[in-house]
Each structure stands twice: as C-alpha cells, then as structure tokens.
Enquirer: 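Could you have a look at this structure, given as structure tokens, before my questions?
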Amino acid sequence: TSSRQRSPQVTTPPIDPLREGSVMSLNMALGKRGHVLNKMSQDGQTKLAVLESPVVNQKEMDWIATEAEGISTISLSTLYSKPDAAGDSDDPAGLREALKKLTDAAVVA
C-alpha cells in the first residue's frame with residue numbers, strides 16, 4: 001500500500017467584532033504628518049482631515065478645498081483630446097500621453 005501525506009487544511013478565523021472596526025476600516029487621513037514620536041498637540045505641524053472612505057463625493061471635495069485646516073489643494077484637469085476620426089480609436093496613445101501629463105502636473109503640484 002502506498003501512503004499519502006495529507007496537508008492540513010488551514011482556515012483563517014473570522015475577525016472578532018471588537019477588532020473588526022479598526023482592521024477593516026476605510027478611514028483615511030489627509031494632510032501633513034509631523035514626526036511620529038511627537039504628539040499632535042506638541043509639534044503643531046500635524047493637521048489631518050479624516051475621511052470615512054477613500055471615495056470622495058463633491059460635498060467632501062468642497063470641504064477639503066475650502067475648510068480643511070492645514071491642507072492646500074490644487075485642481076488638475078483630467079480632460080484629454082479624443083483621437084482623430086481617421087486614427088485608430090483603439091490606440092491608447094492619446095490616453096497614455098494625457099495620463100503622463102496629469103502625472104507630471106501632480107508631481108509638480
């Protein structure tokens with residue numbers, strides 16, 4: 001008879017409700033972070049705007065742009081020209097170039 005080694009089946013246990021909120025949170029913080037060892041009240045540099053989700057709606061964008069303390073914003077256009085009618089519409093060169101320009105502008109900002 002041949003013996004076969006069976007590998008143990010490992011399952012990940014569910015996260016308990018007490019820890020689930022902090023582990024599974026979508027909260028994100030925007031703004032300049034000060035030194036990690038300084039408390040926020042002492043260094044005066046750390047001013048963060050906390051959002052409940054990385055997906056931002058127009059109301060939140062307006063708040064960030066006008067009222068979020070310590071956060072400066074700039075608007076960058078994501079519009080780009082459509083390929084010519086004679087050109088190949090499946091060619092992503094126009095989009096590729098537009099993304100490069102957008103990335104370069106974001107780095108400069």
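When reading the values below, keep in mind they use all heavy atoms of this one structure, side chains included, and skip hydrogens, waters and symmetry mates. Computed from a predicted structure; not experimentally measured.
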Enquirer: Does atom CE of M28 have more than 12 heavy-atom neighbours from other groups under 6.0 Å away?
Expert: yes
Enquirer: Apply the hydrophobic cluster definition, ILVMFWY joined by side-chain contacts under 4.5 Å directly or through others, and give me every member besides L102.
Expert: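 Result for L102 is L76.
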Enquirer: With T73, which residues qualify under side-chain contact (heavy atoms from CB on, under 4.5 Å), at least two apart?
Expert: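 T73: side-chain contact (heavy atoms from CB on, under 4.5 Å) contacts with I64, A65, I71.
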Enquirer: Test: salt bridge (Lys or Arg N to Asp or Glu O under 4.0 Å). Region: residues 49-61. Which pairs qualify, not counting sequence neighbours?
Expert: none
Enquirer: If hydrophobic residues (ILVMFWY) are linked whenever their side-chain heavy atoms come closer than 4.5 Å, directly or via other members, who joins V107 in its cluster?
Expert: none
Enquirer: Do L51 and L48 share a hydrophobic cluster, counting only Ile, Leu, Val, Met, Phe, Trp and Tyr and linking them when any side-chain heavy atoms are less than 4.5 Å apart?
Expert: no
Enquirer: Could I get the full list of side chain to side chain donor-acceptor pair (under 3.5 Å) partners for Q58, not counting sequence neighbours?
Expert: D62
Enquirer: By side chain to side chain donor-acceptor pair (under 3.5 Å), which residues pair with D104, not counting sequence neighbours?
Expert: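 Expected list: K100.
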